[in-house]
Structures are given as C-alpha cells and as structure tokens.
Asks: 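The structure's right below; bear with me while I get my questions together.
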Amino acid sequence: MIVQANRLDHVEEYYFSTKLKEVRALEESGKPIINLGVGSPDLPPPPQVMTALQQALLNPVAHQYQPYRGTTDFRQAIAEFYQNFYGVKLNSETEILPLMGSKEGITHISMAFLNEGDEVLIPNPGYPTYAAVSKLVGASAVLYDLSEKNGWLPNLEELEKKDLSRVKLMWVNYPHMPTGAAGKEDLFRELKAFGKKHHILIVNDNPYSFILNEEPESILKHSEGMEGVLELNSLSKSFNMSGWRIGMLCGSEKNINSVLKVKTNMDSGMFFPLQAGAAMALRLPREWFKEQNKVYLQRKEELVKLANALGCHYTEDQTGMFLWCRVPVGTTSEAFVDHLLKQYHIFAAPGFIFGSQGEGYIRFSLCASEENIIKARKRLTA
Ligand SMILES: Cc1ncc(COP(=O)(O)O)c(C=O)c1O
C-alpha cells in the first residue's frame, strides 16, 4: 500500500475545490446557479495586454527557458508600478522577484524562512492558504483573532502578551480578504515596529489594493532597508488576469535571494509572452483602475440591496472585491450558504472557511455581472 506523506494529515483539500463540484452538479441537473462565491474576476484584461502577449509570441526567444528572476523589462515594469502607485522605490535588479501568482509565493516564502516547529502568526479570519502551507512545511500556525469590533485589525497589544519567542513570521493581508478592511500607513508602521521588536518577518499579501480603494498602500513604503518586511502582489485582481498566474514578491535583496533559492529549484522561468503582457498591464495609466472600479461600484450597489433583502448586516467602509456580511441571527454561515444554494440557487462563500472568527459571516463576490446580481435578488421574491 502506498501511504501519503504525514505532512498531508492536517491539510484539507481547498474548500472551493470540493464545494464547486456540488455547485456544478446542481447546474448539470438543470439549476442555473448565480455564483457570488469566488473571487475570480469575470471582466476582461486590458486589450493592450492581450496584444502585447500576442506580439511577444513571435519573438524568437519566446519559447525558450526564461531567466529565473524574470525578464529585465518585466522587473523594471514592476519597479515603475511600485514607484508610480505606491511611492516605493525598488531596485529592479535585486529587490523584485516575479512569481506565478502570489499564491505560489506563500509556499516559497514559507519554505525559505520557516523551520519545523517555528510558529507563524496567521489572521483569523484570513486567506486559508497561509495556515495550510505553514502546516505543510511543519511550522505551527498560531492564529491571531480579528474582529468587527476592532475594525478587523490585529490587536498588537494583546499579541504582545503571548510568548512570541518561537514566532518567525507573521502574515498580514491589507486590504484584508475577506473583510475588506483597508491597509493604512499607520497600521503598517505599527506592524513593522512590532516585527522589529520581536524579530518577526512581516509579510503583507497585497492583491486587493486597487479594487474600490481610494488609497492604495504598500507596507514597503518608508521601510528603510526593508529587512524585516516582504510584500506579495498580484495582477490577478487588479488587471483581471487571474488565469495568467502573475504575481510578484518585493523586499530586501537578502530576503529575495533566500526565496530565489527555493524558487529556482521549483520552476524554470515564466513564459516570455506572459511577462511581456504583464509588463504592459503594469504600465497602464490610473484610468484603467478608475474604469474598472466604476463597474465594481455599480455591482456593489446591487449586492448591498441583495444583502439587505436577505437580512444581512454589513459595514459601509469595506474595500476590495467582496461584500462581507453578518448572517441573520439564529443561523450559521454554512447553513445560510446551503439555504441560499438550495432555495435560490445562489452561491456565496461561508465565513467559517476563513477561520473561526469568520463564523456568522458570509462573503459575496463582486465577480458577477450587475444583471446576475439583480437576478439573484429577484429570485428571493419569485
Ligand atoms: C488574500 C489573497 N492572497 C493571495 C491570493 C492568490 O492570488 P494569486 O492569483 O496572485 O495567486 C488570493 C486569491 O484569491 C487572495 O485572496
């Protein structure tokens, strides 16, 4: 008998990978589902980006192995993007590492910095991959609670009361998924001071800063030397390119080199046309985000009506591509999601999948057309 590795004993298959099978089965049985569950942008990428990809296909080097660190032009485009949109100056040769989506970066960073038995601070609620990958590398996930009362921000004073001596790394994700709490300069300053004091590497996962967010921020701003911080970023949400698998890691040369040691043993560079297209996207003017956000805003207005009709409560200050709502009293997030699915054929993400602090909440995605969101609301009274 072939037995799987012990490291898989505490890792579950990703919730969506199983739940979406159920959604598909319902669909195949003739029930059209309105999917407000997943955060996979349905809008098209910028047209110039697709043209750049097509043209790059004809470049004679396009089909060869590419540099492990990404092409020079793509790294320069990332540096320009960080300078123009976040006011952060990066050295494109040493402080930037292109990734195949930011999700793979979570694994690379964990492998580069965590030893077995190290502790990792993980937001609850938060993106499930942080905890799953920590377990895969044999580290222990120490959850820090976020709550609506605290604006879904970490309570660093509370955290300092704990024994932090074994904590090596802290995941933060502002703007925060699933709650939509914004990333503010003050918050990042406090986090960096906390990390420095306790010798904890602070890693901000920043894929949502351009969606319905007036002030995109980076944790790398005013981080002299960047020794204690890293930032992941992604083109998946900002440019509707989730299927392209393009992300990036930015930080100090020393930390980037540690991650590079892992990554060079895992893949052999990214397809050249993808990098050419991504570079084009990163050089687009602000107008791109403005136009995209007009669409998201209209969708959000409709989503708010749906949430109201369902008796869900939400706060007004949310950024990002979701609406995070408290479910009506007397039900659980899972029961509520199942009820929506069975009764109205509407799919949303239950809060518990993001951690115990997500229980009692539900996440609606803005990645559905306005028309479908309206249709979802009409189903409630049909
Ligand atoms: C908080 C967070 N981090 C990272 C990712 C992964 O993004 P990417 O497509 O860049 O791998 C997601 C995707 O949903 C996310 O919500």
Asks: CG of L274 to CZ of R245: how many Å apart, nearest 0.5 Å?
Replies: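 So the CG of L274 and the CZ of R245 are separated by 11.0 Å.
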Asks: Taking T71 for the side chain and P67 for the main chain, is one N or O donor matched with an acceptor at less than 3.5 Å?
Replies: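 Checked: no pair found.
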Asks: Counting only heavy atoms not in Q4 (residues, nucleotides, ligands), do more than 12 fall under 6.0 Å from its CD?
Replies: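 Yes, enclosed.
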Asks: Any side-chain heavy atom of I109 within less than 4.5 Å of one from L169?
Replies: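 Heavy-atom side-chain distance check passes, below 4.5 Å.
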Asks: Take Y296 and F210 through the test ring-ring contact (aromatic ring centres under 6.0 Å, His included) and record every step on the way to the result.
Replies: CA-CA 11 Å; Y296 281 132; F210 295 95; over 10 Å; no
Asks: Has N293 got a side-chain atom pairing as donor or acceptor with L212's backbone, closer than 3.5 angstrom?
Replies: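 Yes, the answer is positive, given that a donor and an acceptor are paired below the 3.5 Å cut-off.
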Asks: Decide side chain to side chain contact (heavy atoms under 4.5 Å, CB included) for E301 and V304; before the verdict, give the C-alpha distance in whole Å, the side-chain angles of both, and the deciding distance to 0.1 Å.
Replies: CA-CA 5 Å; E301 279 164 12; V304 156; 5.8 Å; no
Asks: With rounding to the nearest 0.5 Å, note down the distance linking CD in Q66 to CZ in F74.
Replies: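 Atom-to-atom, Q66:CD and F74:CZ are 12.0 Å apart.
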Asks: I'd like to know if K19 pairs up with D338 as an ion pair, taking the criterion as any Lys NZ or Arg NE/NH1/NH2 lying under 4.0 Å from an Asp or Glu carboxylate oxygen.
Replies: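 Here K19 pairs with D338 in a salt bridge, since their nearest N and O are under 4.0 Å apart.
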Asks: Give the other cluster members for V329, using side-chain heavy-atom distances under 4.5 Å between Ile, Leu, Val, Met, Phe, Trp and Tyr residues; answer none if it is isolated.
Replies: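 Via sub-4.5 Å side-chain contacts, V329 links to none.
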Asks: Is there a continuous path of hydrophobic side-chain contacts, each under 4.5 Å between heavy atoms, that joins L20 to L36?
Replies: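 Yes: a chain of side-chain contacts under 4.5 Å links L20 to L36.
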Asks: Please walk me through it: do R24 and E28 pass salt bridge (charged side-chain N to carboxylate O under 4.0 Å, His left out)?
Replies: CA-CA 6 Å; R24 264 194 301 275; E28 276 158 20; 5.6 Å; no
Asks: Just by modelled atom types, is the L114 backbone N or O under 3.5 Å from a matching donor or acceptor in the D118 side chain?
Replies: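 No; judged by distance alone, with no hydrogens or angles, the pair does not exist.
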Asks: Scan I34, L340, V337 and name whichever one has a side chain to side chain contact (heavy atoms under 4.5 Å, CB included) with F347.
Replies: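 The option that passes is V337.
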Asks: Can you name the closest pair of heavy atoms from P41 and S242 and give their distance?
Replies: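 Distance-wise, the nearest heavy atoms are CD-OG, 3.9 Å.
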Asks: Could you state the interatomic distance from CE (M248) to CD (E95), rounded to the nearest 0.5 Å?
Replies: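 Output value for this atom pair is 15.0 Å.
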Asks: Could you check if a side-chain atom of T107 sits within less than 4.5 angstrom of a side-chain atom of L136, using non-hydrogen atoms only?
Replies: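 SC-SC contact between T107 and L136 ruled out.
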Asks: Do the side-chain N and O atoms of N124 and Q357 include a donor-acceptor pair separated by under 3.5 angstrom?
Replies: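 Result is no, nothing qualifies.
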Asks: Classify the angle between the aromatic ring planes of F322 and Y208 as parallel (below 30°), tilted (30 to 60°) or perpendicular (above 60°).
Replies: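 Taking Y208 first and then F322, their aromatic rings stand perpendicular (interplane angle over 60°).
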Asks: Would I353 and F16 satisfy side chain to side chain contact (heavy atoms under 4.5 Å, CB included), going step by step from the backbone distance to the final call?
Replies: CA-CA 9 Å; I353 65 169; F16 284 116; 4.0 Å; yes
Asks: Which distance, rounded to the nearest 0.5 Å, do you find between the CE of M100 and the NE2 of H108?
Replies: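 Spacing of CE (M100) from NE2 (H108) equals 8.0 Å.
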Asks: Just so I know, are the side chains of L341 and L26 near enough to count as touching, which here means a heavy-atom distance under 4.5 Å?
Replies: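 Yes; the side chains approach each other to less than 4.5 Å.
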Asks: Taking E158 first and then K161, would you say they form a salt bridge - that is, a charged N and a carboxylate O separated by under 4.0 Å?
Replies: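 Between K161 and E158 there is a salt bridge, with a charged N closer than 4.0 Å to a carboxylate O.
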Asks: Any sub-3.5 Å donor-acceptor pair from N240's side-chain atoms to S236's backbone N or O?
Replies: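 No.
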Asks: How about T332 and E359: do any of their side-chain heavy atoms sit closer than 4.5 Å?
Replies: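 T332 vs E359: side chains touch.
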Asks: How about H339 and Y344: are their ring centroids closer than 6.0 Å?
Replies: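 Ring-ring flag for H339/Y344: true, centres closer than 6.0 Å.
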Asks: Determine whether D205 and K103 satisfy the following criterion, salt bridge (charged side-chain N to carboxylate O under 4.0 Å, His left out), listing intermediate values before the conclusion.
Replies: CA-CA 9 Å; D205 183 15; K103 193 173 184 176; over 6 Å; no
Asks: Are side-chain heavy atoms of M170 and Y144 found at a separation under 4.5 Å?
Replies: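 Touching, per the 4.5 Å side-chain cut-off.
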Asks: Checking the side chain of N173 only, and the main-chain atoms of N206 only, is there a donor and an acceptor separated by less than 3.5 Å?
Replies: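 Absent.
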Asks: May I ask whether I346 and Y15 are part of the same hydrophobic cluster, defined by side-chain heavy atoms of I, L, V, M, F, W, Y residues being less than 4.5 angstrom apart, directly or through others?
Replies: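 Yes; tracing contacts between hydrophobic side chains, which count when under 4.5 Å, links both residues.
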Asks: Taking the side chain as everything from C-beta on, heavy atoms only, tell me whether V142 gets closer than 4.5 Å to V120.
Replies: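 No, too far: nothing below the 4.5 Å cut-off.
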Asks: Can you tell me if E371 has over 12 outside heavy atoms packed within less than 6.0 Å of its CD?
Replies: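 Atom CD in E371 is not crowded, with 12 or fewer foreign heavy atoms closer than 6.0 Å.
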Asks: Is it the case that the side chains of N233 and S102 hold a donor-acceptor pair, with the cut-off being a distance below 3.5 Å and no angle test?
Replies: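 Distance-only check fails for S102 and N233.
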Asks: In terms of side-chain geometry, is the basic nitrogen of R75 or E93 positioned less than 4.0 Å from the acidic oxygen of its partner?
Replies: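 Yes.
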Asks: Under the 3.5 angstrom rule, does the side chain of R363 hit a backbone N or O of G37 as a donor-acceptor pair?
Replies: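 Flag set: sc R363 to bb G37 pair under 3.5 Å.
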Asks: Between F289 and F85, what is the ring plane arrangement, given parallel below 30°, perpendicular above 60°, and tilted in between?
Replies: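 Geometry flag for F85 against F289: perpendicular rings.
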Asks: Has the side chain of K168 got a donor or acceptor atom that lies under 3.5 Å from a matching backbone atom of F113?
Replies: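 Present.
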Asks: Determine, for E160 against K197, whether the closest basic-nitrogen to carboxylate-oxygen distance falls under 4.0 angstrom.
Replies: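 Result for this pair is yes, salt bridge flagged.
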Asks: Are V295 and F239 co-members of a hydrophobic cluster defined by side-chain heavy atoms under 4.5 Å apart?
Replies: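 They do share one cluster, since a chain of ILVMFWY contacts under 4.5 Å joins F239 to V295.
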Asks: With L191 as reference, evaluate I200, D186, L156 under the side chain to side chain contact (heavy atoms under 4.5 Å, CB included) test and give the passing residue.
Replies: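 Single side chain to side chain contact (heavy atoms under 4.5 Å, CB included) partner of L191 among I200, D186, L156: L156.
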Asks: Is it the case that the side chains of K192 and S223 hold a donor-acceptor pair, with the cut-off being a distance below 3.5 Å and no angle test?
Replies: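 Indeed, the side chains of S223 and K192 share at least one donor-acceptor pair under 3.5 Å.
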Asks: With the side chain counted from C-beta on, respond yes when L90 and Q83 share a heavy-atom pair under 4.5 Å apart, and no when they do not.
Replies: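 No, too far: nothing below the 4.5 Å cut-off.
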Asks: I'd like to know if L303 and L380 are part of one continuous hydrophobic network [Ile/Leu/Val/Met/Phe/Trp/Tyr, side-chain heavy atoms within less than 4.5 Å].
Replies: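 Linked, L380 and L303 end up in one cluster.
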Asks: For the pair S258 (side chain) and K254 (backbone), establish whether a donor and an acceptor sit closer than 3.5 Å, ignoring hydrogens and angles.
Replies: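 Side chain of S258 to backbone of K254: a pair is present.
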Asks: Please report the C-alpha distance between E215 and K184 in whole Å, then the side-chain angles of each, then the deciding distance to 0.1 Å, and finally whether the salt bridge (charged side-chain N to carboxylate O under 4.0 Å, His left out) criterion is met.
Replies: CA-CA 8 Å; E215 290 166 40; K184 299 257 164 61; over 6 Å; no
Asks: Backbone N or O of E227 within a donor-acceptor pair of the N255 side chain at under 3.5 Å?
Replies: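 Looks like yes, one N/O pair under 3.5 Å.
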Asks: Does the side chain of S234 reach to within under 4.5 Å of the side chain of I246, using non-hydrogen atoms?
Replies: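 The answer is no, as the side chains (C-beta and beyond) never meet within the 4.5 Å cut-off.
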Asks: Under a 4.0 Å threshold between the charged nitrogen and the carboxylate oxygen, would E185 count as salt-bridged to R189?
Replies: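 Yes, this pair counts.
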Asks: Indicate whether any N or O donor in one side chain lies under 3.5 Å from an N or O acceptor in the other, for Q76 and S92.
Replies: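 Per modelled atom types, Q76 and S92 side chains form no pair under 3.5 Å.
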Asks: Could you note down all residue pairs passing ring pair (Phe, Tyr, Trp, His ring centres under 6.0 Å) where residues 354-382 supplies at least one of them, sequence neighbours left out?
Replies: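 Every ring pair (Phe, Tyr, Trp, His ring centres under 6.0 Å) pair that includes a residue of residues 354-382, provided the two are not neighbours, is W152-Y361, W324-Y361.
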Asks: Measure up the Y86 and Y82 rings against each other and bin them: parallel (under 30°), tilted (30 to 60°), perpendicular (over 60°).
Replies: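 Y86 vs Y82 ring planes: tilted.
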Asks: Indicate the atoms forming the closest heavy-atom contact of A276 with A56, along with that distance.
Replies: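 Smallest interatomic distance, heavy atoms only, reads CB-CB, 3.6 Å.
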Asks: Check the hydrophobic clustering (I, L, V, M, F, W, Y; side-chain heavy atoms under 4.5 Å; chains of links allowed) and say if M50 and L57 are grouped together.
Replies: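 In one cluster: no.
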Asks: Determine whether R377 and E302 satisfy the following criterion, salt bridge (charged side-chain N to carboxylate O under 4.0 Å, His left out), listing intermediate values before the conclusion.
Replies: CA-CA 8 Å; R377 179 164 46 90; E302 290 306 326; 3.0 Å; yes
Asks: Decide side chain to side chain contact (heavy atoms under 4.5 Å, CB included) for H313 and E148; before the verdict, give the C-alpha distance in whole Å, the side-chain angles of both, and the deciding distance to 0.1 Å.
Replies: CA-CA 11 Å; H313 167 88; E148 189 171 332; 3.6 Å; yes
Asks: Taking S238 for its side chain and L235 for its backbone only, find out whether a donor-acceptor pair lies under 3.5 Å.
Replies: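 A pair under 3.5 Å: no.
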